[in-house]
2 protein chains.
Amino acid sequence: MVTIAEVARHAGVAPSTVSYVLTGKRSISADTKSRVRESIRSLGYQPHVHTRGLGITRTNVIGLVLPLRAGTYVPAVMRFVTAAVTTARRYDMDLLLMTADDGLPALRRAANSALVDGFLVLDVEKEDARLPLLRQLSIPSVLIGRPAAARGLTCVDLDFEAAGAKCVEHLADLGHRSIGFLGAPSAVYRRTTGFAHRAMTGFSAAAMRRGVAATALSVEEDHDSVLRATEVLVRAHPSMTALVVHNEAALGGITACLRAAGRHVPGDIAVVAICPDELAERMSPPLTSVRLPAEELGRHAVELLVAKLDGRQPPPLVLLPPKLSRRASTPDPVDHAPAAVRQ
Amino acid sequence: MVTIAEVARHAGVAPSTVSYVLTGKRSISADTKSRVRESIRSLGYQPHVHTRGLGITRTNVIGLVLPLRAGTYVPAVMRFVTAAVTTARRYDMDLLLMTADDGLPALRRAANSALVDGFLVLDVEKEDARLPLLRQLSIPSVLIGRPAAARGLTCVDLDFEAAGAKCVEHLADLGHRSIGFLGAPSAVYRRTTGFAHRAMTGFSAAAMRRGVAATALSVEEDHDSVLRATEVLVRAHPSMTALVVHNEAALGGITACLRAAGRHVPGDIAVVAICPDELAERMSPPLTSVRLPAEELGRHAVELLVAKLDGRQPPPLVLLPPKLSRRASTPDPVDHAPAAVRQ
DNA sequence: CTGAAAGCGCTAACAT
DNA sequence: ATGTTAGCGCTTTCAG
C-alpha cells in the first residue's frame, strides 16, 4: 500500500507537504507541487478513506438508506435503486446500499467515518426517528417521502394529495356521482406513513368539491379482505359507479372480486388505480391509473443531493405532480350505462 | 465525540481493555466487562470507524462491480443486485454499487482505501482486463461468470454447457431428430464473452452424442435479423422440428417470425429457450426453458465471498446445474406431427 | 515556502 | 486478566 510517506520520500519532500498539495490548504511552490503530483501519479497513490480528518475529500459515494424490514417488497424498492444508480453514474458517483433494519447506528457510522458524502433516505415516515440525527449530521441528506416536520431537510415525493384528487376529477368529468376508495391496509394508516393518508385526504376533499359521494375503506393484503371490501361497497352503495384503488396488493384481484360482487369492469363500474404504470397496463382490462413515478423520484433525489453537495441551495421540497394515464377501465359514458345518481 | 479513552476513564480501566471488550479478542473478567459495557451505554459511545490500524477490522461492505456501459440492460443487472443485497443483509453486510465504466481505477481505489472488504464482479469476460488486478489485490473477490484463466479466483456461473445440452436432451427425448440453435449476436461470440460460446458448444456436443442433426446460427438484435434467421433455418432444413433459442432480444418475436416462415409453435416446431423463467412464462405459447438463475447466482456469490472473508476456503468454481421447465412449446409428439427424419 | 512533530481514535504487540 | 505503548495514515500545529 502506497502511503503519503512514500510519496514524500519519492518526491524528496516532507509528508506534510504532500498533504498540503492534496488539500490545497497552504501555498506550495509550483515546482514542488508538480514534483509531488508526479510522484503521486507514478506511485499510484490513493488516499486511505479511513483517515480523513474532516470530510474534506469527497468519497463520491451516496449512502442509500433502505431498511430491508420484514415485509419490504424488494422489487419495488429496486425501482428506486435503479433510477438512483443510473443518475448517480452521471455525476460520477456510486451508491452504498445501507440495508440495516435499524438505520440509526449505521447512519452515524457512515457519517462519522466519512464513508459517504450524503444520504438518500427511503421509506420515510411522518414521525421518522431518523430525522433528528439526519439534521444534526455534518453531511447532507435527501428524503424520499414527506415527514411531518421537514424543517431543515430536503424532500422529494409524489403529490399524493393531488393524485387522489386527480382520480376524482377524472371520474367526475366522466359523469360519475358516487365513487369508492380502496386504500392501504389499516396498519399503514395507523403507522404514520403519510403517503397513504395524503392520497385518501386528496380523494375525499376533491369529492366534496365536486359534490360527489365518496366512501373510503382500508383493505388488508389477503384476497378475502379484498373480496369482502368490494362486497361491502357494492351492497352499501348500489349507485356507486366508480372505484379508486390505492393498494398494489389488492389490485391483482380487483376485477375478479368486483365480478364476484356482480359488477363488471368497466361496464358496471369504472376503476382508477394509483400504482406503477407497468402494473396498470398489464391488468385486464388495462386500468386507468395515476402513476407512482419511482424512476423520477429516484432521479430527483440524486440531483437534489448533488446540488447540496455542490453547495447550491435546492428547494426544500420537490412535489412531483401526478400524471393520469387513461386506459380501458374508464371508458366514456354510454347510453345503456346505469344512470348516474345524484347524491 | 465520545472516545474509547473516555469510556476507559469512566470505567476505570485501560483503553485497550475497552477495545478488547468490544472486539472480544481476549478474555475479560465478567466484572470488568459489565462495568465497561455500562460506561459505553451511559456515555453513548459509538465506535469511530475512522482509525482502524490495518484493514484488519472489516468495513462490512461488499463492492459490487457492475459497469453501466452503454447498452447495459439495467433491470437484468438489478436482478443480481436484488439477490446480492438480500443475501448480504443476512450477513450484516452492505453493498457498494460501483458502476464506473472503466472498472480498474475504481477497483484500485476501493481496495487501497479499505472502502470495501471484497468484490463481487459482474459481466466477466473470458479475457477480462480486471483479472490481473483482482488477483493482486489484498482483498478477496468473487466473479459471476467464467473467465478463461480462473486460477486463484473464485467464480460462480450457470453451467451453460450443460444448459445447451439439456435443451437437446429434452428435445431428443421427445423424438426430434433435427434441431436448430439461434444464438446471441455475432459480436458476442467475437468478443470473448464465454457464456454464449459455452451454451452453443454444449448444444452441439449433445446433438452429436444423440445423433441429432444440429444447425447453429447467430442472430442480431433487430427484428429483421430474427426473421431472416428463422427463414434460413426453415428453408435449408425443412425437416427441422425443434429450435433452441439463446437470445433474449430475439425471443419476443420468435413465435411470430416462425409463423411468418410457415411454421406454427408448437404444432410444426418445438421451441426451448435459455432465459429467465418469467420471460418464458409470459410468452404465448409459454416456452419450455432452461432458466437463467440470477437470484441464485447472486446469492451464491455473496456466500462465497463471505466464506473467503471468514478465512474459509470455498471451492474455486460453483457451477449451477441447469434446470429445465417444461411448458407448452414442447408438447408430447402426436401422430399427425411431421415424421421425424433420421440424419 | 517547507519540515518536524504532535496528535486523531483505535488496535495489537509487549509487558506484567 | 489487565495495563503500557507503539504504531496505523493522515492532518495540523509549531518552528523555522
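Below, chain A is the first sequence line, B the second, and so on; all start at residue 1.
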### Query
What does A:Ile28 touch in the nucleic acid at a heavy-atom separation under 4.0 angstrom: a base, only the sugar-phosphate, or nothing?
sugar-phosphate
### Task
Please identify each residue that fulfils side chain to side chain donor-acceptor pair (under 3.5 Å) with B:Thr82, with sequence neighbours left out.
none
### ring pair (Phe, Tyr, Trp, His ring centres under 6.0 Å) involving B:Phe119 - partner list, sequence neighbours excluded
none
### Query
At under 4.0 Å, does any side-chain N or O of A:Ser29 touch on OP1 or OP2 of C:dC1?
no
### Task
Measure the spacing between CG of B:Leu120 and CG of B:Leu95 and express it to the nearest 0.5 Å.
7.0 Å
### Message
Does D:dC10 have its OP1 or OP2 closer than 4.0 Å to a side-chain nitrogen or oxygen of A:Ser19?
### Response
no
### Message
Does anything in residues 80-89 of chain B form a salt bridge (charged side-chain N to carboxylate O under 4.0 Å, His left out)? List the pairs, not counting sequence neighbours.
### Response
B:Arg89-B:Asp92, B:Arg89-B:Asp94
## Note on the structure
The side chain to side chain donor-acceptor pair (under 3.5 Å) partners of B:Glu296 (sequence neighbours excluded) come to B:Arg291
### Message
Holding to salt bridge (Lys or Arg N to Asp or Glu O under 4.0 Å), I want the full list of residues that pass it with B:Arg90, two or more places apart in sequence or in another chain.
### Response
B:Glu303
### Task
Tell me, please, which residues at least two apart from B:Arg79 pass salt bridge (Lys or Arg N to Asp or Glu O under 4.0 Å).
B:Glu278, B:Glu295
### Query
Any ion pair linking A:Glu6 and A:Arg9 (charged N to carboxylate O, less than 4.0 Å)?
no
### Residues in side chain to side chain contact (heavy atoms under 4.5 Å, CB included) contact with A:Pro315, at least two apart in sequence or another chain
A:Leu304, A:Val318
## Note on the structure
Rounded to 10°, the angle between the first-five-pair and last-five-pair axes of the helix from C:dC1-D:dG16 to C:dT16-D:dA1 is 40°
### Task
Indicate, yes or no, whether a donor-acceptor pair under 3.5 Å links the base of C:dA4 to the side chain of A:Ser16.
yes
### Task
Under 4.0 Å between any heavy atoms, over every strand shown, what does A:Thr3 touch: base, sugar-phosphate, or nothing? Just pick one.
sugar-phosphate
### Task
Round to a whole Å and report the spacing from CG of A:Asp31 to P of C:dT2.
8 Å
Identify all pairs in which a protein N or O lies below 3.5 Å from an N or O of nucleotides 14-16 of chain C, and state each distance.
unit_1 : atom_1 : unit_2  : atom_2 : d
C:dC14 : N4     : B:Arg26 : NH1    : 3.4

### Query
Think A:Ser27 has a side-chain N or O under 4.0 angstrom from the OP1 or OP2 of C:dC1?
yes
### Task
Would you mind telling me which of D:dT11, C:dT2, C:dA12 lies closest to the side-chain atoms of B:Lys25?
C:dA12
### Task
Just jot down the side chain to side chain contact (heavy atoms under 4.5 Å, CB included) partners of B:Arg312, sequence neighbours excluded, or say none.
B:Ala307, B:Asp310
### Message
Whether B:Thr32 contacts D:dT2 is assessed here as follows: a side-chain N or O lying under 4.0 Å from the phosphate OP1 or OP2. Is that the case?
### Response
yes
### Message
How many whole angstroms separate atom CG of A:Leu22 from atom P of D:dT11?
### Response
6 Å
#### Entry: Non-neighbouring partners of B:Pro147 that pass side chain to side chain contact (heavy atoms under 4.5 Å, CB included), sequence neighbours left out
B:Val124, B:Leu131, B:Leu143, B:Ala150, B:Cys155
### Message
So if I take residues 4-15 of chain A and measure heavy-atom distances to DNA chain D, which residues fall below 4.0 Å?
### Response
A:Ile4
